[in-house]
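Working notes for the structure below.
Because the structure is predicted, anything quoted here is derived from the model rather than measured.
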Amino acid sequence: MPGLPDPPSEARRRFLLGTTAIGAGIAAVDALGAVAAPESNAGVPAGAYRVRFTLNGEPRDLALDPRTTLLDVLRENLHLTGTKKGCDRGQCGACTVIVNGRRVNSCLTLAVTLQGADVTSVEGLSTAGPHPVQVAFLQNDAFQCGYCTPGQVMSAVALLDEYKRGVPSHATRDVGSRAAMPLTDDEIRERMSGNICRCGAYVNIVKAVRDVAGRKGA
């Protein structure tokens with residue numbers, strides 16, 4: 001009758017059908033994993049995963065623990081210590097790198113998610129001398145202790161590229177017109193707000209970014 005619970009035999013039948021379906025699903029997933037995993041992970045130690053990506057223009061093929069962050073790969077595995085470990089919580093921006101054209105906190109980015117990615121760290125900004133942003137930071141005295149500077153520089157490089165492509169920020173007054181989106185100090189501060197300078201060099205950091213933007217006619 002409507003509103004009454006199923007009799008014990010019917011309830012048992014439903015339970016058995018449900019567990020059979022779940023078991024079949026698990027078996028299917030295991031079967032897919034058994035086919036896909038050995039080829040991609042051939043020769044890799046148990047518990048590790050093979051990750052292939054491009055770093056500063058060079059291909060990398062690494063066997064990594066799936067819990068390893070990009071920051072630790074750069075510093076501990078590849079000995080590229082320009083990228084700094086600050087808060088290790090994604091709050092200070094000292095570990096900023098560029099992945100597929102976008103800036104990310106490398107301390108929050110698992111390396112296993114970078115399959116086929118294009119990664120640029122501060123060491124890869126330029127092979128023919130300092131990058132214009134690095135020069136501007138020097139000329140405008142846009143740092144003090146320098147610990148946060150690599151992340152600040154990487155964020156500024158990405159900022160200028162985003163602005164050039166017309167990507168708005170929360171400070172942008174008119175998102176419908178590139179001509180009506182000047183790179184004001186407020187724009188720069190908003191776009192650099194993910195990077196903390198505990199020494200307080202913010203005024204000169206803004207000047208450095210504005211200097212490079214002016215040279216490029218942005």
Side-chain angles (χ1 to χ4, degrees), residues 37 40-138 140-162 191-202 204-205 208-209 212:
S40 60
N41 262 3
V44 174
Y49 286 83
R50 169 163 285 154
V51 184
R52 296 186 177 99
F53 61 95
T54 300
L55 174 63
N56 299 332
E58 298 182 6
R60 299 285 183 169
D61 187 343
L62 304 173
L64 300 171
D65 185 298
R67 299 165 293 183
T68 308
T69 64
L70 172 57
L71 174 59
D72 285 337
V73 168
L74 293 173
R75 293 183 60 83
E76 306 299 333
N77 296 69
L78 302 177
H79 307 295
L80 297 175
T81 55
T83 304
K84 302 305 182 187
K85 179 176 286 192
C87 66
D88 208 22
R89 295 292 185 274
Q91 297 177 348
C92 72
C95 68
T96 303
V97 299
I98 298 174
V99 177
N100 294 333
R102 298 181 63 182
R103 46 186 160 165
V104 303
N105 291 319
S106 60
C107 72
L108 296 182
T109 304
L110 292 176
V112 292
T113 67
L114 299 175
Q115 198 69 253
D118 183 14
V119 181
T120 303
S121 69
V122 68
E123 291 89 351
L125 279 186
S126 178
T127 57
H131 189 278
V133 170
Q134 293 172 311
V135 173
F137 267 65
L138 287 168
N140 288 278
D141 201 20
F143 55 90
Q144 289 186 42
C145 79
Y147 193 83
C148 74
T149 304
Q152 300 276 3
V153 168
M154 295 303 292
S155 193
V157 169
L159 176 162
L160 291 165
D161 180 63
E162 291 164 8
R191 293 169 185 265
M192 291 292 292
S193 61
N195 293 78
I196 294 174
C197 175
R198 291 178 174 86
C199 298
Y202 296 113
N204 289 346
I205 290 171
V209 176
V212 179

Any donor-acceptor pair under 3.5 Å linking the side chain of [X] with the backbone of [Y]?
| X | Y | result |
| --- | --- | --- |
| Q134 | V153 | no |
| R60 | F53 | no |
| S106 | C95 | yes |
| Q115 | R52 | yes |

About how many Å separate [atom2] of [Y] and [atom1] of [X], when rounded to the nearest 0.5 Å?
| X | Y | atom1 | atom2 | result |
| --- | --- | --- | --- | --- |
| N77 | L70 | CG | CG | 10.5 Å |
| T69 | L110 | OG1 | CG | 7.5 Å |
| R102 | E162 | CZ | CD | 8.0 Å |
| L159 | M154 | CG | CE | 13.0 Å |

Partners meeting salt bridge (charged side-chain N to carboxylate O under 4.0 Å, His left out) with D141 (sequence neighbours left out): none
How close do [X] and [Y] get, counting heavy atoms only, and between which atoms?
| X | Y | answer |
| --- | --- | --- |
| I205 | A142 | CG1-O, 3.4 Å |
| C197 | Y202 | N-OH, 2.9 Å |
| A63 | P45 | CB-CD, 4.1 Å |
| N105 | G90 | ND2-O, 3.4 Å |

Taking side-chain contact (heavy atoms from CB on, under 4.5 Å) as the test, write out the residues that go with [X], two or more places apart.
| X | value |
| --- | --- |
| T54 | D118 |
| D88 | L71, K85, C107 |
| V104 | V97, V99, T109 |
| A94 | K84, C92 |

Working for side chain to side chain contact (heavy atoms under 4.5 Å, CB included), residues F137 and N204: CA-CA 8 Å; F137 267 65; N204 289 346; over 6 Å; no
Scan for side-chain hydrogen bond (donor to acceptor under 3.5 Å, both in side chains) pairs involving residues 147-161, sequence neighbours excluded, and state none if there are none. R103-S155, S155-N195, D161-R165
As a quick check of understanding, evaluate side chain to side chain contact (heavy atoms under 4.5 Å, CB included) for L80 and L55, giving each step before the final call. CA-CA 11 Å; L80 297 175; L55 174 63; 3.6 Å; yes
Among N56, V73, T83, D72, which one satisfies side chain to side chain contact (heavy atoms under 4.5 Å, CB included) with L78? V73
